[in-house]
Number of protein chains: 2
Amino acid sequence: MGRKQTKSGKIRLTEVAKLAGVSPITASRFFRNPEALSLSKRERVDSAVKELGYVPNLAARALASHRTEVIGVVIPSLTNNVFADVLRGIYDSSEGSRYTIQLANTRYSILQEEKVLRLFRAQKPAGLIVTGINQTAESRTILESMNCPVTQIMEIGDSPVDMMVGFSHYDAAFAAISHILEQGRRRIGFLGARMDPRVQRRFEGYRDAMKAAALFDPALIVTTSVPTTVTLGGTLFADLLAQTPDIDAVFCVNDDLALGVLFECQRRQISVPRDLAIVGFNDLEFTASAVPALSSVRTNRYEMGRHAVTMVIDAIEGRRPQEPVIDLGFQLMVRESSMPSST
Amino acid sequence: MGRKQTKSGKIRLTEVAKLAGVSPITASRFFRNPEALSLSKRERVDSAVKELGYVPNLAARALASHRTEVIGVVIPSLTNNVFADVLRGIYDSSEGSRYTIQLANTRYSILQEEKVLRLFRAQKPAGLIVTGINQTAESRTILESMNCPVTQIMEIGDSPVDMMVGFSHYDAAFAAISHILEQGRRRIGFLGARMDPRVQRRFEGYRDAMKAAALFDPALIVTTSVPTTVTLGGTLFADLLAQTPDIDAVFCVNDDLALGVLFECQRRQISVPRDLAIVGFNDLEFTASAVPALSSVRTNRYEMGRHAVTMVIDAIEGRRPQEPVIDLGFQLMVRESSMPSST
DNA sequence: ACAATTATTGACAGCGCTACCATCGGATTG
DNA sequence: CAATCCGATGGTAGCGCTGTCAATAATTGT
């Protein structure tokens with residue numbers, strides 16, 4: 001004999017079907033494809049569901065249909081503010097849809113990324129959102145074999161696995177440096193921490209902009225693989241000053257570093273922007289109220305999250321986008337820290 | 001006839017069992033309770049699993065066992081840095097375990113909380129982690145009916161649904177105010193934004209500390225229900241100054257507000273700490289490198305996340321903790337912004 | 001009016017796993 | 001040496017749902 005009888009109180013699809021006077025399969029269709037039902041049956045099933053308080057058993061559904069309603073999201077960090085905004089967009093967009101978000105954190109490790117992708121593959125997600133375009137060959141193979149829509153976020157590039165939404169970190173950094181150059185600054189330092197692929201691209205934008213102006217000088221560059229903190233911004237800036245005392249501007253790969261630089265300037269009585277211009281990246285909220293307000297590059301992170309989910313869901317449901325790659329661009333937010341000094 | 005034959009490549013538990021020369025049920029036990037197998041069979045199943053690259057079908061497992069291996073996590077915000085740290089702890093601890101984290105965001109709405117709890121109930125999670133102790137009666141009923149371990153995080157209180165890990169926001173704020181009073185400050189302002197229950201408790205700590213010193217004055221208080229930003233800190237501080245110009249200290253319910261106050265002071269040439277002491281809350285990383293460094297109350301958020309997961313998993317697996325309520329405490333981080341002025 | 005097409009509906013089997021119980025051999029006991 | 005117990009293993013019958021295809025009803029075209 002099998003197991004204990006089903007608890008009498010449990011409501012299954014069969015009960016709903018019975019109450020509605022239809023077959024179980026028709027009741028099932030009510031959830032998956034309501035348009036296929038005649039209006040009368042649809043109403044009967046609907047009220048039966050409500051009357052019984054029926055809740056579908058997702059495990060049974062997944063087992064029978066070989067599908068899940070899970071969208072996997074792979075991000076490199078939970079601490080980085082940047083991803084908080086993206087995630088907010090992702091969760092906001094997924095709410096109200098039938099899909100559930102499953103989050104995985106790689107901590108900036110591509111091996112960890114392979115591992116979580118393998119895990120996701122085993123669970124047959126309905127769709128996937130992954131960060132960046134620098135997957136290992138192995139990861140790419142997994143992604144391509146997944147047989148579900150995939151959106152790469154945060155940046156854009158030439159060979160999407162499937163879809164992409166992001167912006168060009170290279171262009172953004174190039175634009176930031178061009179702006180600083182326009183202010184007449186010539187010795188523009190570069191401060192970078194945790195040089196992940198996107199930060200690397202910002203560096204390339206910096207490098208090329210400086211080279212184009214014939215102002216590139218390795219002595220202007222200080223980077224580290226250590227994760228970003230505000231304090232680190234101060235430290236790196238101190239290193240830069242020791243190495244190259246005649247700098248007149250600093251481009252920081254993110255706003256936390258920029259804030260650290262600002263604090264270090266306050267500590268050393270370096271006047272910003274008179275003695276030093278500062279430009280950050282991401283346009284976190286605090287940049288606007290710092291003293292002086294910090295220039296930064298605004299990136300549309302919340303929208304990125306929203307777009308990513310929308311694209312994936314649309315693709316799952318057969319509405320493939322015309323254009324698989326969306327460039328959300330960036331805006332240079334010029335504030336006091338990189339404007340002509342009023343003094 | 002039923003459906004298409006199983007894809008020949010698909011590896012099920014049956015295949016593993018066959019290769020290992022055992023019954024499927026024994027192979028199943030290999031995963032759920034390996035100690036129950038004899039050493040020889042255990043090894044045979046183990047190598048069969050590896051040889052075939054078998055991956056369990058979680059949906060089938062959930063359907064057959066009426067259990068999932070999901071731990072639901074309910075938090076009020078994804079943007080708030082505080083939760084980023086907690087989440088990091090949660091994800092770090094869950095990694096390597098068999099459990100999967102399912103995140104839900106309530107955006108500080110108790111109705112949204114009810115909704116996500118109802119959703120979770122339908123999925124029969126193995127355990128649950130929820131933020132705070134101010135659930136609605138309905139939410140509490142759901143939690144109690146869930147029949148799985150529940151840990152409330154972020155604060156502690158008298159009547160846990162099940163388990164708790166957090167600290168007393170009241171005590172923390174009381175201690176912060178006591179410290180400021182010890183510095184000889186008498187007119188201590190209170191700045192609060194998004195007055196969620198925990199922030200409310202911090203207010204009560206402030207209020208009682210001030211009353212105990214016979215220094216409580218409603219004119220010292222400025223609060224708003226708007227979400228916290230650094231900019232808002234400056235705005236609220238401006239309001240406070242307008243309302244009560246003779247303040248000599250400000251307690252901010254979080255570090256973002258405190259940073260905003262600091263910037264506003266820089267803007268108005270108010271010397272910190274000489275003219276004004278500032279104390280924040282949470283001890284975010286930047287407080288230590290601000291100029292002057294900001295005093296704050298350190299809370300052990302990462303550990304909170306780790307503990308919460310550990311407690312839930314232990315309880316799921318029958319190892320109930322002796323003490324269901326863990327107080328992680330707090331540390332007052334006294335820095336320049338609230339020390340005697342050196343000037 | 002009748003065949004051909006299209007919308008609705010239902011029957012059946014089975015997705016891959018585990019709960020429940022039965023079994024079986026060997027160790028322990030008196 | 002029989003009675004008892006225990007640990008290891010297997011057989012059976014589903015868990016609750018949906019894919020496939022067939023059957024029926026409604027609609028259309030000529």
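Naming: A, B, ... by sequence-line order, numbering from 1 per chain.
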Asker: Do A:Arg118 and A:Glu138 sit within salt-bridge range, that is, some charged N less than 4.0 Å from a carboxylate O?
Answerer: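 Salt bridge flag = yes for A:Glu138 with A:Arg118.
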Asker: What orientation do A:Phe31 and A:Tyr54 show, parallel under 30°, tilted 30 to 60°, or perpendicular over 60°?
Answerer: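 Geometry flag for A:Tyr54 against A:Phe31: tilted rings.
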Asker: Between residues 34-58 of chain B and DNA chain D, which residues have a heavy-atom gap below 4.0 Å?
Answerer: B:Ala36, B:Leu37, B:Ser38, B:Lys41
Asker: Kindly say if B:Arg61 contacts the phosphate of D:dC15, meaning a side-chain N or O under 4.0 Å from OP1 or OP2.
Answerer: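 B:Arg61 to D:dC15 OP1/OP2: no side-chain N or O under 4.0 Å.
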Asker: Grab the CD1-C1' distance between A:Ile11 and D:dG16 for me, whole Å please.
Answerer: 14 Å
Asker: Starting at CZ of A:Arg67 and ending at P of C:dG16, how long is that distance when rounded to a whole Å?
Answerer: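 So the CZ-P distance, A:Arg67 to C:dG16, works out to 15 Å.
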Asker: Salt-bridged, B:Arg320 to B:Asp162, with N to O below 4.0 Å?
Answerer: yes
Asker: Nearest whole angstrom, please: distance from the C1' of C:dA11 to the CG of A:Leu13.
Answerer: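 That distance rounds to 15 Å.
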Asker: Would you say that B:Thr106 contacts B:Ile75 through its side chain, given a criterion of any heavy-atom pair below 4.5 Å between the two side chains?
Answerer: no
Asker: I need the NE2-C1' distance between B:His66 and D:dA13, as an integer number of Å.
Answerer: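 Spelled out: NE2 on B:His66 to C1' on D:dA13 is 12 Å.
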Asker: Does the pair A:Glu15 and A:Lys18 meet the rule for a salt bridge (charged side-chain N to carboxylate O under 4.0 Å, His left out), with working shown?
Answerer: CA-CA 5 Å; A:Glu15 275 76 51; A:Lys18 201 165 290 169; 5.1 Å; no
Asker: Go through residues 16-33 of chain B and report each residue with a non-hydrogen atom lying under 4.0 Å from DNA chain D, sorted by number.
Answerer: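 Per residue number, the list reads B:Val22, B:Ser23, B:Ile25, B:Thr26, B:Arg29.
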Asker: Measure the distance from CD on B:Glu15 to C1' on C:dG16 and round it to the nearest whole Å.
Answerer: 10 Å
Asker: Under the criterion salt bridge (charged side-chain N to carboxylate O under 4.0 Å, His left out), I'd like the reasoning laid out for A:Glu114 against A:Arg121: C-alpha separation, chi angles, the key distance, then a yes or no.
Answerer: CA-CA 10 Å; A:Glu114 275 182 22; A:Arg121 180 172 55 182; over 6 Å; no
Asker: Check the distance between D:dA13's C1' and B:Leu63's CG and give it to me in whole angstrom.
Answerer: 13 Å
Asker: One thing to verify: whether B:Glu95 and A:Arg107 come together as a salt bridge, which I'm taking to mean a side-chain N less than 4.0 angstrom from a carboxylate O.
Answerer: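 Here A:Arg107 pairs with B:Glu95 in a salt bridge, since their nearest N and O are under 4.0 Å apart.
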Asker: Salt-bridged, A:Asp46 to A:Lys50, with N to O below 4.0 Å?
Answerer: yes
